[in-house]
Amino acid sequence: MAETSGIGGTGGIGGTSGYLPIAEHGLIGDLRTVALVGSNGTIDWYCCPRFDAPSVFASLLDAERGGCFELAASVPARTKQFYFPDTNVLITRFFTEEGVGEVQDFMPVRGEGRGTGDEAGRHRLIRRVLCVRGTVPFRVLVAPRFNYGADPHTLRNLGDVAVFESAGMALALTSTVPLEHDGSDARATFKLAEGEVAVFALDQVGGAVAPRGCARIEAEQEFGETVAYWRRWLSSSRYRGRWREMVHRSALTLKLLTYAPTGAIVAAPTTSVPEQLGGERNWDYRYVWVRDAAFCVYALLRLGFTDEAEAFMGFLARHISSGDGGPSGPLQILYGIDGRTDVPERRLDHLEGHRGSAPVRVGNAAADQLQLDIYGALIDSIYLYDKWAQPISSDQWDDVCDLVDWVCEHWDQPDEGIWETRGGRKQFLYSRVMCWVAVERAIRMANRRGLPADLPRWRRTRDTIYRRIMHHGWSAERGAFVQYEDGDVLDAAVLMMPLAKLISPTDPKWLSTLDTLTRELVSDSLVYRYDPEASPDGLYGAEGTFSICSFWYVEAMTRAGRIDEARLAFEKMLTYANHLGLYAEEISRTGEQQGNFPQAFTHLALISAAFNLDRALG
C-alpha cells in the first residue's frame, strides 16, 4: 500500500510542483471509461463518457487548468491505498491524529443485462466516505474543466443536485453533505464520527438521463453490486500459480481497459504522460492498437477469459475490413474504440503537460504508419481463439486468407516497426518475425481444420521469410540477431523470436543473442528496447526501460532453461510495480513509472511470463 504525507497546496495535487508521480495513482472504471485516483484522494484524470472523450478532470496534465475532484482529510494525514480484494473498487485511507477515514471509489458497471430505462445509460462515479475510527474532518473540491480545460462552464442548483454545464456536456453532482458554490466550482467541508458515512456521486446527464440523488443506502447497495460484479468476473480465472495476486490484478486491469459496447481494448487510458520529463515522447494511447489488443486476447485466453476474446473478435468482424486499403496496408495499426479509422493527431497547447512536460497530444498520427508485425499478432490471436475458445466462422476464415495473401505479397517491404519510429522505414527484423507468424499460424489452422487455402504458396512464403531472417537478421560480429537486416543495432523486440516459436529457445544463435542482450540492454532485470543513439528514431530525448521487454526477457530465459535467473528477474520486476500492482509503459533510471498508465502491454506480458515461469517451476 502507498503511504504519503499531507495534502498539497493549490489544486491539492500534492508536492511543491502540484503533481503527484504517475505511480501514485489507482484506476477505477465501468468498461466505458476510467478515472485515475491519486493516493492523496484526488481524481486528476477522467474522460467522460468514454475513454477517448475530452477530459473533465485533467490536472494530471495541467495542475492549474486541467480540473480535479479533491476529497481528503482537511488536517495533516498519512494516506494508504489498496483495492478491495479481488475487485476494481479502490480504497484510500487517511490516518490523522484524531481518527481514521477512508474513501471508497468505484464506478458501477451498467449494461450487460443490468439496469433498465435511463439507468442502463447512466454512468456514475461514486465516492463513498467513511470514518472507521475516532473523528475525521474532510474537505471536497469539485472543479471540472470541460473539453481538456478549453470550454467554460456554469454551476447551478437543481434541488439538492449541483449541475455543471458547458456547451457540450453537463455533469450532475449529488452529495449527502451541503455544497457551497465557489464561482463555477463546488466545495464542502464536513466532519464524520466513527460509523458515519457521506456520499458523492457524479453523473453525466442529458437526454434520457436526468439528475438523480444518491443516498447512503443506494451507495452501499451499488458498492455491494460492484464488488460482486468484479468477483464474479475474476472467478473465471484458471490461474492458480505462485503469483496469483499480481496476475489477477493484471487481469482486472486489462478488463478495465476494455470498451464493452464494441469489445475494443485500449492500449492505455491516458494521453501524453511523458516517457521522459522534458522530452517529446508524449502520445495518446486511448485507442485500439491491433497489436496490443491481439496480445491482450492471448493473455486473457491463457487465464480462461473467453468472453473478452469473443468480444474482440466481434470488434474485428464489425469494424475492421481486410479490404479497407490505405497507406498502412489492408489494416490500420490502430482504430478508435468505435472502429473509426480517422484519429487525427493535434496538440493542446493551452495545457502545460505533466510536470510541465509538453506537448499534450490527442489523436495519433501513427495510424498512417506501416507496421507489418500487426498481421502476425492478429492472426496468432485468431489462431488461439480458434484453438482455445471456439472455431472461427467461414467469413472470418475468408478474412484471414485475404490477410495472409496480402502478407505473402508485401512481407519484404521496409516499415516503421513495432516501436513506431518516426525516423524512416527500415527492414525491421521483428516485422519479419511476425510476418512469419502470420503465415505459419494460418497454415496450422488450415491443416487442423481442413480449411481451404493456397497452402503451397503460404509454405513457400513462410520458408522464404525464415531463411531471410536467419541469413540477414543475424550478425556474426555482434553474435546476435539485430534490429534490422544486415545491421548491427540490438533490439529487445527479438526476444519474441523463441516466444513466437520461430527459433528453438536453446538454439546456439539464440543463446548467444540472449547473452548479448543481457550485456548491453539489461539493467537489473530491466530491459531497454534499443539505443536511440545507435538507431535514431526521429525523436529527441532519452527514455526508460520498456517493461514489456523486461517480461519478455523473463519468458525468454525461462524457455532457455535459465529458470533461477528468470525467477530472480521476475521477482525484481514485481518490485517496480506501484503500490497497487500497476505498471506504466516504462521505468526510469531511478525506478519511477514513466509513460501512459497503466499500460495493457506491460500487464499482458506479466501474465504470460508468470504463466510460463510457473509451468517451468512445476
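Quick caveat: nothing in here was measured; it's all calculated off a predicted structure. Count residues from 1 along the sequence.
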Handout entry: Step-by-step side chain to side chain donor-acceptor pair (under 3.5 Å) determination, E416 to Q369
Key = CA-CA 6 Å; E416 276 88 2; Q369 289 189 353; 4.9 Å; no
Problem - Aromatic Y83 / basic R249 pairing, under 6.0 angstrom, 45° off normal - result: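 Cation-pi check for R249 and Y83: passes.
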Parallel, tilted or perpendicular, judged at 30° and 60°: which one describes the rings of [X] and [Y]?
| X | Y | value |
| --- | --- | --- |
| F295 | W552 | perpendicular |
| F315 | F312 | parallel |
| F305 | W233 | parallel |

Practice task
Before giving the answer on ring-ring contact (aromatic ring centres under 6.0 Å, His included), spell out for W419 and F546 the whole-Å C-alpha distance, their side-chain angles and the decisive distance to 0.1 Å.
Solution key: CA-CA 11 Å; W419 306 131; F546 246 63; 5.2 Å; yes
Exercise for the section: Test ring-ring contact (aromatic ring centres under 6.0 Å, His included) on F84 and F223 and set out the steps. Expected result: CA-CA 11 Å; F84 200 76; F223 175 87; 5.3 Å; yes
Problem - Partner of E485 by side-chain hydrogen bond (donor to acceptor under 3.5 Å, both in side chains), out of K426, H472, R468 - result: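 Testing E485 for a side-chain hydrogen bond (donor to acceptor under 3.5 Å, both in side chains) against K426, H472, R468 leaves exactly one candidate, R468.
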Exercise for the section: List the steps and the verdict of side-chain contact (heavy atoms from CB on, under 4.5 Å) for L429 and V482. Expected result: CA-CA 7 Å; L429 192 69; V482 289; 5.6 Å; no
Using modelled atom types and a 3.5 Å cut-off, is there a donor and acceptor pairing between side-chain atoms of [X] and backbone atoms of [Y]?
| X | Y | result |
| --- | --- | --- |
| S512 | P508 | no |
| E222 | R124 | no |
| Q332 | T341 | yes |
| T258 | A260 | no |
| H603 | Y583 | yes |
| Q593 | A584 | yes |
| R110 | R122 | yes |
| T33 | C47 | yes |
| H123 | Q204 | no |
| R318 | T262 | yes |

Kindly give the heavy-atom pair with the smallest separation between [X] and [Y], and that separation in Å.
| X | Y | answer |
| --- | --- | --- |
| Y375 | L331 | OH-N, 3.2 Å |
| I607 | A299 | CG2-O, 3.9 Å |
| W397 | A453 | CZ2-CB, 4.1 Å |
| L514 | A560 | CD2-CB, 4.1 Å |
| V362 | Y287 | C-OH, 4.4 Å |
| L27 | P598 | CD2-CG, 3.7 Å |

Handout entry: Test log, rule salt bridge (Lys or Arg N to Asp or Glu O under 4.0 Å), inputs R340 and D342
Key = CA-CA 6 Å; R340 72 188 187 280; D342 188 27; over 6 Å; no
Validation row: [X], [Y] side chains within 4.5 angstrom (heavy atoms):
| X | Y | value |
| --- | --- | --- |
| W510 | P498 | yes |
| P269 | L257 | yes |
| L617 | I563 | yes |
| I28 | N88 | no |
| P108 | E225 | no |
| V266 | I337 | yes |
| L582 | T253 | yes |
| L301 | T306 | yes |

Handout entry: Residues forming a side chain to side chain donor-acceptor pair (under 3.5 Å) with D373, sequence neighbours excluded
Key =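 Only R291 meet the side chain to side chain donor-acceptor pair (under 3.5 Å) criterion with D373.
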Practice task
Take D86 and R231 through the salt bridge (Lys or Arg N to Asp or Glu O under 4.0 Å) test and state the conclusion after the steps.
Solution key: CA-CA 6 Å; D86 295 334; R231 288 182 169 172; 5.0 Å; no
When rounded to the nearest 0.5 angstrom, what is the spacing between [atom1] in [X] and [atom2] in [Y]?
| X | Y | atom1 | atom2 | value |
| --- | --- | --- | --- | --- |
| Y285 | T271 | OH | OG1 | 10.0 Å |
| L604 | I548 | CG | CD1 | 5.5 Å |
| S550 | L495 | OG | CG | 9.5 Å |
| I382 | L316 | CD1 | CG | 6.0 Å |
| I465 | C408 | CD1 | SG | 7.0 Å |
| E420 | D415 | CD | CG | 11.0 Å |

Is a donor from one side chain sitting under 3.5 angstrom from an acceptor on the other, for [X] and [Y]?
| X | Y | result |
| --- | --- | --- |
| N612 | E555 | yes |
| Q483 | Y430 | no |
| T518 | Y553 | yes |

Problem - Partner residues of E345 under the salt bridge (Lys or Arg N to Asp or Glu O under 4.0 Å) criterion, sequence neighbours left out - result: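 E345 satisfies salt bridge (Lys or Arg N to Asp or Glu O under 4.0 Å) with R361, R422 once adjacent residues are dropped.
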Practice task
Could you walk me through whether S608 and R302 pass the side-chain contact (heavy atoms from CB on, under 4.5 Å) test, one step at a time?
Solution key: CA-CA 8 Å; S608 183; R302 203 28 123 183; over 6 Å; no
Using a strict 4.0 Å threshold on nitrogen-to-oxygen distance, state whether [X] and [Y] make a salt bridge.
| X | Y | result |
| --- | --- | --- |
| E409 | R457 | yes |
| D564 | R562 | no |
| K509 | D507 | no |
| R32 | D30 | no |

Practice task
Count the heavy atoms of every other residue, nucleotide or ligand shown that sit under 6.0 Å from CZ of R467, and state whether that count exceeds 12.
Solution key: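 No, because the 6.0 Å sphere around CZ of R467 holds 12 heavy atoms or fewer from other groups.
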Practice task
Only pairs at least two apart or in different chains count here, so list each ring pair (Phe, Tyr, Trp, His ring centres under 6.0 Å) that has a residue in residues 238-268.
Solution key: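 Non-adjacent pairs meeting ring pair (Phe, Tyr, Trp, His ring centres under 6.0 Å): W243-F570.
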Practice task
Sort out for me which residue in V407, D399, V404 forms a side chain to side chain contact (heavy atoms under 4.5 Å, CB included) with I379.
Solution key: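 Result for side chain to side chain contact (heavy atoms under 4.5 Å, CB included) with I379: V404.
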Practice task
Take R244 and D614, measure what salt bridge (Lys or Arg N to Asp or Glu O under 4.0 Å) needs, and give me the verdict at the end.
Solution key: CA-CA 10 Å; R244 188 171 175 182; D614 256 324; over 6 Å; no
